[in-house]
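Working notes for the structure below.
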2 protein chains.
Amino acid sequence: MAKSIKDILKKNLGTKVNGSLWLESADGRFLGPGPIELLERIAETGSISAAAKEMKMSYKKAWELINNLNAHLATPAVIPQAGGEKGGGSVLTPEAMELISYHRELRKSFTAFLENESKKLTL
Amino acid sequence: MAKSIKDILKKNLGTKVNGSLWLESADGRFLGPGPIELLERIAETGSISAAAKEMKMSYKKAWELINNLNAHLATPAVIPQAGGEKGGGSVLTPEAMELISYHRELRKSFTAFLENESKKLTL
DNA sequence: TATCGTTATATATTTGAAAATATAACGATT
DNA sequence: AATCGTTATATTTTCAAATATATAACGATA
């Protein structure tokens, strides 16, 4: 029988299939792993700047991710308020929560796909 | 009924799920889309440098990709020869051909996965 | 109205990856 | 031995992306 992929790879390296997913439209990507974690931390902290700091991301980049995300949604995921008690903050809309849970499901089936493909490399 | 992902996205942007796949082991990635196209062009041209030029990739990067790929295989995918008629060249082993066809299959099932997930965004 | 920390935005700086450049070894052919 | 274009490798340069820095607007509270 001809050599198959598993015969070709070095056997002691634990080779796996891995990958990355995102949502995109004509004007670019807008929902990779980064923005989702950012949403989760905004939910915890109540502010974009605090969430960014936790992730060691610059505020500017965090703001751009959120702004870009909102631009792709029928209803924004994050409602910002500049000024007010404690200087302001940001709250997530129900749509943001749905995005997070959608991403969890998507991630789950992608993981299943990757594990299934990885099995073929060893089994 | 609660809002689902398709209600949340802007409807006129043709949003899709897209992604990227690669093989990796403990010491890093070694088979994304780039290296496969490179292999195909080395097969056509008989040289790494000509293949790199076709892809507008620097020779150095092409060489690193190939070298890194070989390092992960039980048997090298590319056999280089420096010197000789026409200065030398590189030939692919049967293992390289198998890698190419493996990648085609992998890509096919990934595309099916992505299309299936993308359908959920509109349907 | 003074204060606070946030959002929002522009500009400058850093940094890291890719490309460009340079050089040497290689080996069949003449 | 001279030539050729390739492989192999080190060094320099370029460029884009990320970060850092600076500044202003915001608005509830005291």
Side-chain angles (χ1 to χ4, degrees), chain A residues 20 22 24 27-73 75-93 96, chain B residues 20 22 24 27-73 75-93 96:
Chain A
S20 158
W22 58 86
E24 70 178 34
D27 60 337
R29 305 177 185 181
F30 64 95
L31 193 80
I36 287 290
E37 184 180 350
L38 196 56
L39 285 179
E40 291 169 334
R41 292 184 188 267
I42 292 171
E44 293 170 11
T45 61
S47 99
I48 297 176
S49 75
K53 188 170 291 182
E54 281 189 1
M55 293 178 68
K56 287 169 184 166
M57 179 187 292
S58 67
Y59 171 81
K60 179 179 179 176
K61 181 170 185 186
W63 183 87
E64 284 172 344
L65 287 175
I66 294 302
N67 202 48
N68 182 243
L69 174 60
N70 279 342
H72 286 81
L73 305 180
T75 297
V78 178
I79 305 287
Q81 181 176 5
E85 55 177 355
K86 300 189 309 182
S90 294
V91 298
L92 299 196
T93 62
Chain B
S20 159
W22 58 85
E24 71 178 34
D27 60 338
R29 305 176 185 181
F30 65 95
L31 192 79
I36 287 290
E37 184 179 350
L38 196 55
L39 286 179
E40 292 170 333
R41 291 184 189 267
I42 292 170
E44 292 170 14
T45 61
S47 98
I48 297 176
S49 76
K53 187 170 292 181
E54 282 189 1
M55 293 178 67
K56 287 170 185 168
M57 178 187 293
S58 68
Y59 171 80
K60 179 181 179 176
K61 181 169 187 190
W63 182 87
E64 285 172 345
L65 288 175
I66 295 301
N67 202 49
N68 183 243
L69 174 60
N70 279 342
H72 286 82
L73 305 180
T75 296
V78 178
I79 305 288
Q81 180 175 5
E85 54 178 356
K86 300 191 309 183
S90 294
V91 297
L92 300 196
T93 62

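Each chain gets a letter, A, B and so on, in the order the sequences are listed, and its residues count up from 1.
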**Request:** Tell whether B/Lys60 reaches the base of D/dT7 with its side chain through a donor-acceptor pair below 3.5 angstrom.
**Result:** no
**Request:** Could you walk me through whether A/Ile66 and A/Leu39 pass the side chain to side chain contact (heavy atoms under 4.5 Å, CB included) test, one step at a time?
**Result:** CA-CA 8 Å; A/Ile66 294 302; A/Leu39 285 179; 4.0 Å; yes
**Item:** DNA chain C-proximal residues of residues 46-59 of chain B, any heavy atom under 4.0 Å
**Value:** B/Ser58
**Asked** With respect to B/Met55, which candidate in B/Glu37, B/Glu40, B/Lys61 satisfies the side-chain contact (heavy atoms from CB on, under 4.5 Å) definition?
**Response** B/Glu37
**Beyond-backbone contact of B/Leu92 with B/Ile42, side-chain heavy atoms, under 4.5 angstrom** = yes
**Prompt:** Any side-chain heavy atom of B/Leu31 sitting closer than 4.5 Å to one from B/His72?
**Reply:** no
Take the protein atom [atom1] of [X] and the nucleotide atom [atom2] of [N], then report the distance between them rounded to whole Å.
| X | N | atom1 | atom2 | result |
| --- | --- | --- | --- | --- |
| B/Leu92 | D/dT7 | CG | P | 12 Å |
| B/Ile79 | D/dT6 | CD1 | P | 19 Å |
| A/Asn68 | D/dA18 | CG | C1' | 16 Å |
| A/Gln81 | C/dT6 | CD | P | 13 Å |
| B/Glu64 | D/dT9 | CD | C1' | 10 Å |

**Message:** Please tell me if B/Ser90 has a side-chain N or O lying less than 4.0 Å from either OP1 or OP2 of D/dT7.
**Reply:** yes
**Message:** I want to verify a distance call: between C/dA8, D/dG27, C/dT29, whose nearest atom is closest to the A/Trp63 side chain?
**Reply:** C/dA8
**Asked** Which residues pass the side-chain contact (heavy atoms from CB on, under 4.5 Å) test with A/Glu64, sequence neighbours left out?
**Response** A/Lys60
**Request:** Look only at the side chain of A/Ser20 and the backbone of B/Ser20, and say whether a donor-acceptor pair between them is shorter than 3.5 Å.
**Result:** no
**Message:** Taking the axis from the first five pairs and the axis from the last five, what angle separates them in the helix from C/dT1-D/dA30 to C/dT30-D/dA1, rounded to 10 degrees?
**Reply:** 10°
**Asked** Which residue lies toward the 5' end of DNA chain C, A/Asn67 or A/Lys86, if each is placed at its nearest nucleotide?
**Response** A/Lys86
